[in-house]
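So the structure is just underneath, and the comments pick up after that.
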Amino acid sequence: MRTLKAFQEEFDLSTKFLCARMFDRHRETIRTQKRHVAVGNLVRITKTTLALSNRTGFHSMSLRDLASESGLSMGALYNYFDSKDTLLLMILGEVAAAVKETLSSPPQALEHDPLNRLRWLLETHVYLTETMQPWFVFAYMEAKAFSREGRELAVRSELATEALIAFALADGEAQSVFVVDDIDLTAAIIKPLLQDWYVKRSKYRRRGVSAEQYVRAITSFVEAALTR
């Protein structure tokens with residue numbers, strides 16, 4: 001099993017990196033052309049948005065609130081996005097991209113090893129959401145305030161994760177490694193175990209549970225349910 005540190009050395013998911021990628025994805029609409037200036041301001045905007053959303057909710061956050069808390073003027077904000085919905089999609093886009101980047105390419109050695117591929121998926125998801133915890137809490141808790149496009153993006157990302165889990169379960173069932181009555185339903189049931197880590201992070205922090213411990217606990221739980 002990898003450690004959280006090893007995962008973070010493999011994938012750069014720092015706010016600076018994610019905002020640099022955000023700038024590259026939206027370069028045609030972002031008016032600030034100097035990359036280092038734009039990335040620095042996107043970091044301020046993103047961190048402030050996630051903090052305000054956690055405190056008051058994205059729906060209740062106004063752009064004036066965002067300007068005041070980030071130290072940027074309203075005019076400066078409009079150099080990066082034209083509305084709250086655009087900002088929302090920029091943030092959700094990076095969450096979805098991180099999920100796809102980290103989970104969609106398991107090591108080639110696991111291609112025909114469904115048990116260890118499932119272990120790898122659970123581990124990678126926990127480490128991903130630990131590293132990007134404010135981003136994932138935002139995506140989960142603010143879903144009701146999302147525009148239709150935002151909700152669809154969030155749902156597609158969640159279903160893609162379930163599909164990867166289901167694929168490992170199906171392979172395991174075919175190889176008689178797992179006993180699964182309903183593959184899609186079982187994948188959907190496993191997903192909330194992964195979400196609990198970042199949505200209820202304080203519960204595990206109070207108990208002194210590390211990311212590695214949580215990975216071991218849910219992996220043992222899932223395997224016990226699948227192997228009889």
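When atom types are taken as modelled, the side chain of Thr56 and the backbone of Leu52 share a donor-acceptor pair closer than 3.5 angstrom. The main-chain N or O of Ser157 is found under 3.5 Å from a side-chain atom of Thr161 such that the two form a donor-acceptor pair. A donor-acceptor pair is defined here as one N or O able to donate and one able to accept, closer than 3.5 Å; such a pair exists between the side chain of Thr29 and the backbone of His26. Between the side chain of Gln213 and the backbone N or O of Ser210 there is at least one donor-acceptor pair closer than 3.5 Å. Here the side chain of Ser68 pairs no donor or acceptor atom with the backbone of Arg64 at under 3.5 angstrom. With hydrogens and angles disregarded, no donor-acceptor distance shorter than 3.5 Å links the side chain of Asp113 to the backbone of Leu110. Here the side chain of Asp12 pairs a donor or acceptor atom with the backbone of Ser14 at under 3.5 angstrom.
At most 12 non-hydrogen atoms from other residues, nucleotides or ligands lie less than 6.0 angstrom from NZ of Lys100. Atom CD of Glu149 has 12 or fewer neighbouring heavy atoms from other residues, nucleotides or ligands inside a 6.0 Å radius.
The hydrophobic clustering, which links ILVMFWY residues whose side-chain heavy atoms are closer than 4.5 Å, places Phe221 and Ile190 together. In the hydrophobic clustering of this structure, Leu50 groups with Met141; members are Ile, Leu, Val, Met, Phe, Trp, Tyr whose side-chain heavy atoms approach within less than 4.5 Å, directly or through other members. A continuous path of ILVMFWY side-chain contacts below 4.5 Å connects Met90 to Met74, so both sit in one hydrophobic cluster. Linking Ile, Leu, Val, Met, Phe, Trp and Tyr residues whenever their side-chain heavy atoms come within less than 4.5 Å leaves Val179 and Leu226 in two separate clusters. Phe167 and Ile165 fall into different hydrophobic clusters, defined by Ile, Leu, Val, Met, Phe, Trp and Tyr side-chain heavy atoms under 4.5 Å apart, directly or through other members.
A donor and an acceptor atom, one from each side chain of Ser53 and Glu142, are nowhere located under 3.5 Å apart.
In this structure, Leu13 and Tyr127 have side chains that are not in contact, with every pair of non-hydrogen atoms separated by 4.5 Å or more. With contacts defined as side-chain heavy-atom distances shorter than 4.5 Å, the pair Val137/Thr129 does not qualify. Put simply, the side chain of Leu18 reaches to within 4.5 Å of the side chain of Trp135, judged on heavy atoms. With a 4.5 Å cut-off on side-chain heavy atoms, Ile183 and Phe178 do not count as touching. Side-chain contact between Trp197 and Val215 is absent, with no heavy-atom pair separated by less than 4.5 Å. A 4.5 Å side-chain heavy-atom check between Ile30 and Phe81 finds every atom pair outside the cut-off. For the pair Val126 and Ile218, the minimum side-chain heavy-atom distance is below 4.5 Å. No side-chain heavy atom of Met61 sits less than 4.5 Å from a side-chain heavy atom of Arg55.
In summary, the aromatic rings of Phe7 and Phe11 are positioned with their centroids under 6.0 Å apart.
Nearest heavy-atom pair, Ile45 versus Leu66, reported as atom, atom and distance to 0.1 Å: O-CD1, 3.8 Å. Closest heavy-atom contact between Phe23 and Val39: CB-CG2, 4.2 Å. Contact between Pro114 and Ala168 at its shortest, heavy atoms only, is CB-O, 3.5 Å.
Each side chain to side chain donor-acceptor pair (under 3.5 Å) pair with one or both residues in residues 163-172, not counting sequence neighbours, appears once here: Arg117-Asp171. Listed by first and then second residue, the side chain to side chain donor-acceptor pair (under 3.5 Å) pairs that reach into residues 81-97 are Arg21-Glu94, Arg25-Glu94, Asp82-Thr86, Ser83-Thr86, sequence neighbours excluded.
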I'd like to know whether Arg44 forms a salt bridge (charged side-chain N to carboxylate O under 4.0 Å, His left out) with Glu69, so could you lay out the CA-CA distance, the side-chain angles of the two residues, the decisive distance to 0.1 Å, and finally the verdict. CA-CA 9 Å; Arg44 292 167 68 183; Glu69 291 282 333; over 6 Å; no

I would like to know whether Asp196 and Tyr214 meet side-chain contact (heavy atoms from CB on, under 4.5 Å); could you show each step before the answer? CA-CA 10 Å; Asp196 207 54; Tyr214 192 75; 3.6 Å; yes

Would you sort out whether Asp184 and Asp182 count as a side-chain contact (heavy atoms from CB on, under 4.5 Å), showing the intermediate values? CA-CA 6 Å; Asp184 290 337; Asp182 187 321; 4.1 Å; yes

Walk me through whether Leu87 and Tyr80 qualify under side-chain contact (heavy atoms from CB on, under 4.5 Å). CA-CA 8 Å; Leu87 173 60; Tyr80 298 93; over 6 Å; no

Report the C-alpha separation of His36 and Lys34 in whole Å, then their side-chain angles, then the decisive distance to 0.1 Å, and conclude whether the side-chain contact (heavy atoms from CB on, under 4.5 Å) test is met. CA-CA 6 Å; His36 71 283; Lys34 292 183 178 179; 4.2 Å; yes

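Checking each of Thr219, Asn116, Thr102, Leu164 against Leu121 for a side chain to side chain contact (heavy atoms under 4.5 Å, CB included) leaves exactly one that passes, namely Leu164.
Checked for salt-bridge contact, Glu212 and Arg2 miss the test: no charged N lies under 4.0 Å from a carboxylate O. Comment: Glu123 does not engage Arg119 in a salt bridge, judged by the lack of any side-chain N to carboxylate O separation of less than 4.0 angstrom.
One distance of note links CG of Leu194 with CD of Glu158; it measures 10.0 Å at 0.5 Å rounding.
Judged as a side-chain contact (heavy atoms from CB on, under 4.5 Å), and not counting sequence neighbours, the contacts of Leu159 are Val155, Glu162.
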